[in-house]
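Here is the structure we will look at.
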Amino acid sequence: MIAASGIIAIAACSSPVQNPPPTVLSAEAPLAWFNAAPAPAGWKTMELPDGTGVLSVPPDASPAESDPGSVSAAVTSSTGELRIYLNATPQQGSESLDNWNTFRLDHLADENSSSPTKIAERTGMAFRGGTGSCVDDSYVTHVGNNRYREIACFVAGSRGSSVLIVAAPADSWPLYGPVLQQAVNAYRAQ
């Protein structure tokens, strides 16, 4: 999931935003835009093979290569450049609702990125079918020195836990953020 988000290239996103939530974050209300709800009309779903989660993706997203057991989608330009990246993966290690926000930043630092920076975090989030902890962060890839911003969530449901990652180039977050926030809002634990 990290390697795929590290290859995102800058391009314009054509995914329609329907009634976007506010993107203003504050210390009093981190990730205040979060509001679990079904995906907008026309969005597609991708279920994790182990049945722990369902990822909703914009209509112009296509399945993307992912690790075994995971599902990924991307929106690409006509030249093949990635615009946004979405991924869901079953729990793979010691990540938990309680440690997610530090676990994710440590994982980014250990993988293919540097300078992971937390923008906001929130625990006890009422996802559809489960409870989650999310961190909004940015990082720089080792290859290409590209800065990306992501929302990474650990979501526990009745069948198990999964990780949701949505990412885009950091400098174009104002364009991509509302669509990616809708994908977080629509994520369903099972």
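Atom set for the values below is all heavy atoms of this structure, side chains included, hydrogens, waters and symmetry mates excluded.
Heavy-atom minimum distance, Pro90 versus Gly69: CD-O, 3.2 Å. Taking all atoms of both residues into account, the shortest heavy-atom contact from Ala36 to Ala126 is CB-O, 3.3 Å. In this structure, Pro59 and Lys44 approach most closely via the heavy-atom pair O-NZ, 3.2 Å. Minimum interatomic distance between Cys134 and Asn101 (heavy atoms only, all atoms of both residues): O-OD1, 3.0 Å. Nearest heavy-atom pair, Trp173 versus Leu180, reported as atom, atom and distance to 0.1 Å: CZ3-CD1, 3.6 Å. The two residues Gly53 and Ser162 make their nearest non-hydrogen contact at CA-OG, 4.4 Å.
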Ser96 vs Asp98, side-chain hydrogen bond (donor to acceptor under 3.5 Å, both in side chains): CA-CA, chis, key distance, verdict: CA-CA 5 Å; Ser96 70; Asp98 293 333; 5.1 Å; no
Given side-chain contact (heavy atoms from CB on, under 4.5 Å), test Tyr139 with Ser114 step by step and report yes or no. CA-CA 6 Å; Tyr139 59 92; Ser114 61; over 6 Å; no
Are Phe103 and Val135 close enough, and set up right, to give a side-chain contact (heavy atoms from CB on, under 4.5 Å), and what steps lead you there? CA-CA 10 Å; Phe103 181 95; Val135 62; over 6 Å; no
Given Gln91 and Thr52, is the side-chain contact (heavy atoms from CB on, under 4.5 Å) satisfied, shown in steps? CA-CA 9 Å; Gln91 180 180 6; Thr52 58; over 6 Å; no
Given side-chain contact (heavy atoms from CB on, under 4.5 Å), test Leu31 with Trp33 step by step and report yes or no. CA-CA 5 Å; Leu31 288 81; Trp33 51 263; 3.9 Å; yes
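Note on Val54: it does not cluster hydrophobically with Val166, by side-chain heavy-atom contacts below 4.5 Å among ILVMFWY residues. Both Val71 and Val57 are part of a single hydrophobic cluster, where members link through side-chain heavy atoms under 4.5 Å apart. In the hydrophobic clustering of this structure, Leu105 does not group with Val140; members are Ile, Leu, Val, Met, Phe, Trp, Tyr whose side-chain heavy atoms approach within less than 4.5 Å, directly or through other members. Both Leu86 and Trp43 sit in one connected hydrophobic cluster of ILVMFWY residues. Membership requires side-chain heavy atoms under 4.5 Å apart, directly or through other members.
With rounding to the nearest 0.5 angstrom, the CG atom of Leu55 is 7.5 Å from the CG atom of Asn87. Here the CG-CD distance, from Leu48 to Gln190, works out to 8.5 Å after rounding to the nearest 0.5 Å. With values rounded to the nearest 0.5 angstrom, Leu97 atom CG is found 6.5 Å from Ser161 atom OG. A distance of 10.0 Å separates CZ of Arg147 from OG1 of Thr141, quoted to the nearest 0.5 Å. Put simply, CD on Glu150 and OG on Ser113 are 8.0 Å apart, with the number rounded to the nearest 0.5 Å. Note: Leu164 CG to Ile151 CD1 = 8.5 Å, rounded to the nearest 0.5 Å.
In the model, Ser70 has a side-chain atom that pairs as donor or acceptor with a side-chain atom of Thr89 under 3.5 Å. A donor-acceptor contact under 3.5 angstrom links the side chains of Tyr85 and Ser72, judged on distance only.
A donor-acceptor pair is defined here as one N or O able to donate and one able to accept, closer than 3.5 Å; no such pair exists between the side chain of Trp100 and the backbone of Arg122. Side chain of Asn99 to backbone of Ser94: a donor-acceptor contact under 3.5 angstrom is found.
Side-chain contact between Glu121 and Ser133 is absent, with no heavy-atom pair separated by less than 4.5 Å. Cys153 has its side chain within reach of Val184: a pair of non-hydrogen atoms, C-beta onward, lies under 4.5 Å apart. The shortest distance between side-chain heavy atoms of Ser172 and Arg83 does not fall below 4.5 Å.
A salt bridge does not link Arg104 to Glu95: none of the charged nitrogens lies less than 4.0 Å from a carboxylate oxygen. With salt bridges taken as basic N to acidic carboxylate O contacts below 4.0 Å, none links Asp137 and Arg149.
Note on ring orientation: taking the six-membered ring where Trp is involved, the planes of Tyr187 and Phe127 are perpendicular (angle over 60°, cut-offs 30° and 60°).
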